[in-house]
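Okay, so here's the structure we're looking at.
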There are 2 protein chains.
Amino acid sequence: MGRPSAPLLSVDKIADAAVRLIDQGGPFTVQAVARQLHVSAPSLYNHVQGRDHILELVRARLASRAGLAAAEASDWEQAVELFVRAHRRLFAGHPRLIPLLVGQTIRDPGVLQAYAHLARVLERAGFARDELLTVISVLDAFALGSALDSAAPAEVWHSDDEDFAALLAETAAPRAEAALDAGIAILLDGLRARLRTDQEPISD
Amino acid sequence: MGRPSAPLLSVDKIADAAVRLIDQGGPFTVQAVARQLHVSAPSLYNHVQGRDHILELVRARLASRAGLAAAEASDWEQAVELFVRAHRRLFAGHPRLIPLLVGQTIRDPGVLQAYAHLARVLERAGFARDELLTVISVLDAFALGSALDSAAPAEVWHSDDEDFAALLAETAAPRAEAALDAGIAILLDGLRARLRTDQEPISD
DNA sequence: ACCTGAACACCGTTCAAGT
DNA sequence: ACCTGAACACCGTTCAAGT
């Protein structure tokens, strides 16, 4: 009781504990984070603004670890690939994070910079300005979806249909890597075709 | 107090009230659903197994309304387009539903049938079996992402970056429809390219 | 069979009290 | 400045009591 001589907590420690907790699998509560740190729940509020803030810290932390911002590529195709792979790395080890972050507004400047950078690269490459957000959403959603599926397809679909259940069982984690490559190829092919249309709109 | 002469509730009434509540915007709680129906919260448990069950009912209800299961198409390209558009319709009017359903296992037989059907169509078209789930995930994620963005891009990204903020402001709802078409075109082009590779793997 | 109020074990968050 | 315990207004869910 009372103030400790050296602080027990810090923003970094809280973020780390939150990541650990999420990976462990239990429900994500402020109280559980506090328990990880052997501290009472209200203590966290000296360093952090609340539950949502903790999740935003986790996003920032994992994004920098996954090298999301470092995606400085020369050409747009490489930029797309790096963006997707970084995003996928971000979530791949932490599938339980996805439902926690979907629907939460992204506020972390570092993460937003990565999005803004990709938007600029795509625009410079010749993509129509009002398509940029769609393209980014597709990439974003794809990385997220494939991370979720590769980690736990059974958690997404629960089928009694024999054929579909077999398909689910069959698609195991090792194959998911190849599936990611295939998915990226699909997206890049599609985007290349799109770019041609954007650049030569009246070519015939 | 006591049992009413005619039942006040039904599974359908609960599902409808839940949809209304979600669209209204407040937090989704069992108590709030009960309030919509002028009934106490425990009453719902006579018809429904709990909060998650209610959400699954909502998914089923909106899926059938959006015509997800009706996506019986002749060729795979049409099947893909119908699937994406139905999915997008499902969420487009109810963006607040997305964070509630992501991360929840899909159990509704009708919805699962739509996925299984699409898987079969794609397999028959020549897609590699271990890619089917990836392809479906991409489509799924795309429909979801585009519905979320078109409804409320400001809820997804909150940027102080001038350029990016401008891009967000600029991408208004009316354009989102065109963006959906573009996105579908991107996906179909990419998938066509993929299909060629799958079918002629040793062509050179 | 179907609704109610009371109760239980939780939440996230606030705040006065302590050092 | 930083941690604590008590307190507040909520949750989802269970259950005996009522008709």
Side-chain angles (χ1 to χ4, degrees), chain A residues 1-59 96-97 99-105 107 155, chain B residues 1-22 24-60 96-97 99-105 107 155:
Chain A
M1 17 14 233
R3 175 191 180 204
S5 51
L8 299 175
L9 297 178
S10 70
V11 172
D12 281 355
K13 279 182 190 166
I14 293 172
D16 278 340
V19 172
R20 249 179 291 135
L21 179 64
I22 290 164
D23 294 346
Q24 248 168 254
F28 182 78
T29 68
V30 177
Q31 323 227 13
V33 176
R35 217 175 294 128
Q36 284 262 348
L37 294 162
H38 307 104
V39 130
S40 75
S43 303
L44 302 185
Y45 287 75
N46 287 303
H47 304 264
V48 136
Q49 304 191 353
R51 195 189 119 109
D52 285 357
H53 186 201
I54 295 176
L55 285 175
E56 203 51 29
L57 289 174
V58 168
R59 194 206 298 271
R96 293 169 173 286
L97 184 61
L100 295 173
L101 289 188
V102 173
Q104 220 192 25
T105 306
R107 312 191 110 88
E155 280 181 31
Chain B
M1 22 353 254
R3 173 190 180 204
S5 51
L8 299 175
L9 298 178
S10 70
V11 172
D12 281 355
K13 279 182 189 165
I14 293 173
D16 279 340
V19 173
R20 252 180 288 133
L21 179 64
I22 290 165
Q24 249 168 256
F28 181 78
T29 68
V30 176
Q31 324 228 11
V33 176
R35 215 175 295 128
Q36 284 262 349
L37 293 161
H38 306 105
V39 129
S40 75
S43 303
L44 302 185
Y45 287 75
N46 287 303
H47 304 265
V48 136
Q49 305 193 350
R51 195 190 119 110
D52 285 356
H53 187 202
I54 296 175
L55 286 175
E56 203 51 29
L57 289 175
V58 168
R59 193 206 298 272
R96 294 170 173 285
L97 184 62
L100 295 173
L101 290 188
V102 172
Q104 221 192 25
T105 305
R107 310 190 112 87
E155 280 183 30

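A note on names: the letters A, B, ... follow the listed sequences, proteins ahead of strands, and every chain is numbered from 1.
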Nearest to the side chain of [X], which nucleotide is it out of [options]?
X     : options                : value
B:H47 : C:dC11, C:dC3, C:dG18  : C:dC3
A:S43 : D:dT4, C:dC11, D:dT14  : D:dT4
B:V30 : C:dT13, D:dT19, D:dG12 : D:dG12
A:T29 : C:dT13, C:dC2, C:dC11  : C:dC11
A:P42 : D:dG5, C:dT4, C:dC2    : D:dG5

Exercise for review: Would you kindly compare B:P4 and B:Q31 by the position of their nearest DNA chain D nucleotide and give the one closer to the 5′ end?
Suggested key: B:Q31

Do the side chain of [X] and the main chain of [Y] share a donor and acceptor less than 3.5 angstrom apart?
X     : Y      : answer
B:E56 : B:R107 : yes
B:R96 : B:F28  : no
A:N46 : A:S43  : yes

Quick one: [X] [atom1] to [N] [atom2], roughly how many Å, whole number?
X     : N      : atom1 : atom2 : answer
A:Y45 : D:dA6  : OH    : P     : 18 Å
B:R51 : D:dG12 : CZ    : P     : 6 Å
A:H53 : C:dT13 : NE2   : P     : 12 Å
B:L55 : D:dC11 : CG    : P     : 15 Å
B:N46 : C:dA1  : CG    : P     : 10 Å
A:R35 : D:dC3  : CZ    : C1'   : 18 Å
A:L44 : C:dC11 : CG    : P     : 13 Å
B:Q49 : D:dT14 : CD    : C1'   : 15 Å

Review point. From B:L57 CG over to B:H53 NE2, what is the distance, rounded to the nearest 0.5 angstrom?
Key: 4.0 Å

Review point. D:dT14 pairs with which nucleotide, Watson-Crick or G-U wobble, both distances below 3.5 Å?
Key: C:dA6

Exercise for review: Once you apply the 3.5 Å cut-off to both distances, tell me the Watson-Crick or G-U wobble partner of D:dT19, or none.
Suggested key: C:dA1

Revision key, fill the gap. Partner of B:L101 under side-chain contact (heavy atoms from CB on, under 4.5 Å), picked from B:L55, B:V58, B:I22, is B:L55

Check your understanding: Closer than 4.0 Å, any side-chain N/O of A:S40 to the OP1 or OP2 of D:dT4?
Key -> yes

